[in-house]
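Quick notes on the structure that follows.
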Amino acid sequence: MAEDKLPTRAEDFSEWYNKLVLKADMADYSPVRGCMVVKPYGWTLWENMQAGLDRRFKETGHVNAAFPTLIPMSFFEKEKEHVEGFAPELAVVTHGGGEELEEPLVVRPTSETIIGYMYSKWIKSWRDLPVLINQWGSVLRWELRTKLFLRTAEFYWQEGHTAHASAEEAQEETYRMLDVYTDFAINDCAIPVIKGVKTETEKFAGAVMSTTIEAMMQDKKALQSGTSHYFGQNFAKAFDIQFLNRENTLEYAYTTSWGLSTRMIGAIIMTHGDDQGLILPPKVAPIQAIVVPIYKTDEEKSKVMEVADKVFSELKAAGIRIKMDDREGLTPGFKYNDWEMRGVPVRIEIGPKDVEKGSVALARRDVAGREGKSFVSQTALASTVSGLLSEIHDSLLKRATEFRDANIHDPKSYNDLKKVVADGWAFSYWCGNKACEAKIKEDTKATARCIPLEGQPEGKGKCIVCGNEAEKKALFGRAY
RNA sequence: CGGGGCGUGGCGCAGUCCGGUUAGCGCGCUUGCUUUGGGAGCAAGAGGUCGUAGGUUCGAAUCCUAUCGCCCCGACCA
């Protein structure tokens with residue numbers, strides 16, 4: 001741990017990320033190419049994220065269920081765009097129990113098909129609608145280039161699948177869940193995101209409309225952090241999800257799906273981390289405060305530990321996720337660096353001097369060095385720490401928002417756009433034509449991230465590429 | 001699938017061009033003593049089929065052939 005330091009973000013952002021994921025004990029490579037092992041520290045973070053999302057899902061009327069991992073191959077062929085989109089990345093099971101299967105089974109890359117099949121059995125009347133089901137699980141996509149959390153063959157996520165009696169209602173659901181993701185990203189992960197609609201080129205295979213929340217990483221690349229799709233009747237027709245409406249006529253249902261994955265962990269790392277390591281947003285951090293006791297002699301140790309234990313119990317009772325670092329034989333300095341690598345938001349140092357003065361040293365992870373350190377009274381420490389945690393959340397969000405906003409540009413010409421997207425995003429009028437979108441991608445590697453739902457100027461403009469009339473502005477940037 | 005790089009103790013590397021017998025170094029690990037308010041010091045230890053298979057040779061980590069795997073850059077994607 002002492003050697004083999006983390007590269008700085010400026011030196012090599014990609015290496016910084018790879019090393020950090022390993023050194024912070026978040027995940028490890030698996031023996032199978034492209035798969036990852038999520039280690040306990042990373043998984044606890046995910047559990048906290050799950051809790052925040054799951055609460056929001058329940059509040060908006062959804063229930064959880066579980067659908068199988070294996071899906072008949074033929075299901076994938078029922079929706080044309082869907083099969084085209086996913087065919088290249090399917091893993092297929094051909095044998096079971098030593099025998100070749102009559103019909104190959106696909107390891108789910110997403111569950112629209114099998115859930116569509118089940119919904120067609122369950123939905124007969126308008127009284128059965130809406131169906132609002134979410135599933136927590138993992139999916140498998142045979143990715144060519146992988147990176148821990150950001151793109152792995154197998155990843156963990158939730159996928160919500162809903163069916164509605166009208167297009168309006170399904171569209172409302174699509175936007176409602178996008179708002180849920182936005183709220184989660186901002187208020188739990190301290191990640192500012194931009195809500196928007198995907199272009200035709202970028203949308204989900206089989207969707208009528210895809211929406212997204214896009215976040216800017218510190219290397220100014222975009223990361224799609226959550227998606228919510230409106231399917232219209234596409235999947236209902238493919239899987240025969242029909243119901244008798246109030247007029248007693250048979251009608252196809254309107255469906256949606258929405259997902260957010262462990263990729264969001266990557267977003268947290270790349271949004272907040274610094275050259276010392278991770279910086280975890282307090283709301284989801286596995287450990288919110290770490291206690292480091294400092295002593296030399298046995299006599300000092302017993303006095304210090306008495307205070308440290310008391311502080312620990314008080315904060316724990318106050319609902320703060322706290323841990324005591326009582327490892328022997330390690331210097332305090334080592335422990336500081338160790339917990340900084342892991343991104344623990346608050347560190348509480350307690351030494352002989354603090355015992356005398358009735359104080360503790362509080363260090364906040366988001367402000368480096370001495371500036372982030374303060375000496376506070378042991379009395380009412382729980383409320384001091386709670387206050388600091390919430391202050392850290394606010395400051396992380398503010399810092400990330402300012403960074404993002406400073407790197408979104410409004411190029412005046414196409415040439416200008418080309419320069420801008422090399423190191424930032426462009427927010428420009430776009431006519432909606434695929435050719436213009438493709439030209440940008442070809443010239444700059446930047447893609448249309450989304451057409452933002454908010455912050456659009458009044459009135460029309462001219463497409464940054466072709467100069468034709470354009471209704472709306474789109475965001476362009478290089479993406480993960 | 002194209003282009004580039006790399007496989008040597010747990011990790012990071014040197015040695016390979018120009019073969020020579022005990023394969024080194026740093027970190028980590030184990031034990032002991034001293035340490036401990038920003039990555040501790042000393043001492044003694046443990047740990048390696050040099051990716052794999054074949055070949056050349058008195059002798060191969062080193063040369064030849066084949067093969068496998070990984071990483072980076074491109075084409076596809078949450």
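Quick note on labels: first sequence line is chain A, next is B, and so on, each numbered from 1. Bear in mind that the values here come from a model prediction, so they are computed numbers and not experimental data.
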Exercise for review: Would you mind checking if A/Arg347 and A/Glu340 are paired as a salt bridge, meaning a charged N to carboxylate O distance below 4.0 Å?
Suggested key: yes
Check your understanding: Does a sphere of radius 6.0 Å around NZ in A/Lys373 hold more than 12 heavy atoms from other residues, nucleotides or ligands, not counting ones at 6.0 Å or beyond?
Key -> yes
Practice item. Tell me what A/Leu150 touches on the nucleic acid: a base, only sugar-phosphate, or nothing, going by heavy atoms under 4.0 Å. Key: base
Exercise for review: Indicate, yes or no, whether a donor-acceptor pair under 3.5 Å links the base of B/rG37 to the side chain of A/Glu300.
Suggested key: no
Review point. Taking the six-membered ring for Trp, is the centroid-to-centroid distance between A/His82 and A/Phe235 below 6.0 Å?
Key: yes
Check your understanding: Rounded to whole angstroms, how far apart are NZ on A/Lys23 and C1' on B/rG28?
Key -> 11 Å
Study note, to complete from the structure: Rounded to whole Å, CG of A/Leu6 lies from C1' of B/rC27 at a distance of 16 Å
Check your understanding: Counting side-chain heavy atoms from C-beta on, which of B/rG38, B/rA75, B/rC70 comes nearest to A/Tyr336?
Key -> B/rG38
Exercise for review: For A/Phe155, answer base if it contacts any base atom (sugar-phosphate contacts may also be present), sugar-phosphate if it contacts only those atoms, and nothing otherwise; contact means non-hydrogen atoms under 4.0 Å.
Suggested key: base
Review point. What dot-bracket string describes RNA chain B from 5' to 3', counting Watson-Crick and G-U wobble pairs whose defining distances are under 3.5 Å, with [ ] for crossing pairs and | for pairs to another strand?
Key: ((((((((.[[[[.)....(...]]]].((((((.....)))))).....[[[[[..)....]]]]])))))))....
**Study point:** Per A/Pro332 side chain, nearest of listed nucleotides B/rU36, B/rC76, B/rG38
**Key:** B/rU36
Practice item. Please tell me which of the listed nucleotides, B/rA75, B/rU36, B/rG37, lies nearest to the side chain of A/Leu144? Key: B/rA75
**Study point:** Spacing between A/Asp12 atom CG and B/rC71 atom P, to the nearest angstrom
**Key:** 15 Å
Check your understanding: Base, sugar-phosphate, or nothing: which does A/Ser228 touch, judged by heavy atoms less than 4.0 Å apart?
Key -> nothing
Review point. Between A/Arg478 (CZ) and B/rC73 (C1'), how many Å, whole number?
Key: 12 Å
Practice item. Kindly say whether the aromatic ring centers of A/Trp43 and A/Tyr41 come within a distance under 6.0 Å. Key: no
Check your understanding: What integer number of Å spans the P atoms of B/rC68 and B/rU30?
Key -> 40 Å
Check your understanding: Nearest to the side chain of A/Arg347 - B/rC72, B/rG38, B/rU36?
Key -> B/rG38
Exercise for review: Whole angstrom is fine here: how far is it from CZ in A/Phe334 over to P in B/rG28?
Suggested key: 9 Å
Check your understanding: For the pair made of NZ in A/Lys303 and P in B/rU36, what is the distance, rounded to whole Å?
Key -> 17 Å
Exercise for review: State whether A/Thr331 places a side-chain N or O below 4.0 Å from either non-bridging phosphate oxygen (OP1 or OP2) of B/rA40.
Suggested key: yes
Check your understanding: A/Glu143 near the nucleic acid: base, sugar-phosphate alone, or nothing, with a heavy-atom cut-off under 4.0 Å?
Key -> base
Review point. Between A/Lys303 and A/Glu356, is the closest basic N to carboxylate O distance under 4.0 Å?
Key: no
Check your understanding: Should A/Val139 and A/Glu159 be marked as a side chain to side chain contact (heavy atoms under 4.5 Å, CB included) after you check the CA-CA gap, both sets of side-chain angles, and the distance that decides it?
Key -> CA-CA 10 Å; A/Val139 287; A/Glu159 46 179 325; 4.1 Å; yes
Check your understanding: Salt bridge check: are A/Glu15 and A/Lys19 linked by an N-O gap of less than 4.0 Å?
Key -> yes
Review point. Contact class for A/Leu260 vs. all strands (heavy atom < 4.0 Å): base, sugar-phosphate, or nothing?
Key: nothing
Review point. Between B/rG28 and B/rG5, how far is it from one P atom to the other, in whole Å?
Key: 33 Å
Practice item. Please state the C1' separation for the pair B/rU16 and B/rG24 - nearest whole angstrom. Key: 14 Å
Point to revise | For the student: nearest non-hydrogen atoms of A/Phe57 and A/Asn134, plus distance | key: CD1-ND2, 3.7 Å
**Study point:** N/O (side chain, A/Lys445) to phosphate O (OP1/OP2, B/rG74) under 4.0 Å
**Key:** yes
**Study point:** B/rC13 and B/rG9, which share atom name P, separated by this distance in whole Å
**Key:** 11 Å
Check your understanding: Which whole number of Å gives the distance between the C1' atom of B/rU62 and that of B/rG55?
Key -> 15 Å
Practice item. Assign A/Gln276 to base, sugar-phosphate, or nothing according to its heavy-atom contacts below 4.0 angstrom with the strands shown. Key: nothing
**Study point:** Interface residues of residues 350-375 of chain A with RNA chain B (non-hydrogen, below 4.0 angstrom)
**Key:** A/Gly351, A/Pro352, A/Lys353, A/Asp354, A/Ala361, A/Lys373
Review point. What integer number of Å spans the C1' atoms of B/rU8 and B/rU52?
Key: 14 Å
Practice item. Mind listing the closest non-hydrogen atom pair of A/Ile186 and A/Pro192 along with its distance? Key: CG1-CA, 4.3 Å
Point to revise | Interatomic distance where CG belongs to A/Asp338 and P belongs to B/rG28 [whole Å] | key: 13 Å
Point to revise | P-based separation of B/rC17 from B/rC27 [nearest Å] | key: 29 Å
Review point. Is the number of heavy atoms from other residues, nucleotides or ligands within 6.0 Å of NZ (A/Lys221) greater than 12?
Key: yes
Practice item. Rounded to whole angstrom, note down the C1' distance from B/rA14 over to B/rC25. Key: 7 Å
Study note, to complete from the structure: Heavy-atom nearest nucleotide on RNA chain B taken for A/Glu89 and for A/Arg33; more 5' hit belongs to A/Arg33
Practice item. Check whether any side-chain nitrogen or oxygen of A/Arg141 sits under 4.0 Å from OP1 or OP2 of B/rC76, and answer yes or no. Key: no
Review point. Is the number of heavy atoms from other residues, nucleotides or ligands under 6.0 Å of A/Arg370 CZ greater than 12?
Key: no
Practice item. May I have the distance from A/Arg145 (atom CZ) to B/rG4 (atom C1'), rounded to whole angstrom? Key: 13 Å
**Study point:** Atom of A/Pro345, atom of A/Pro282 and distance for their closest heavy-atom approach
**Key:** CG-CA, 4.0 Å
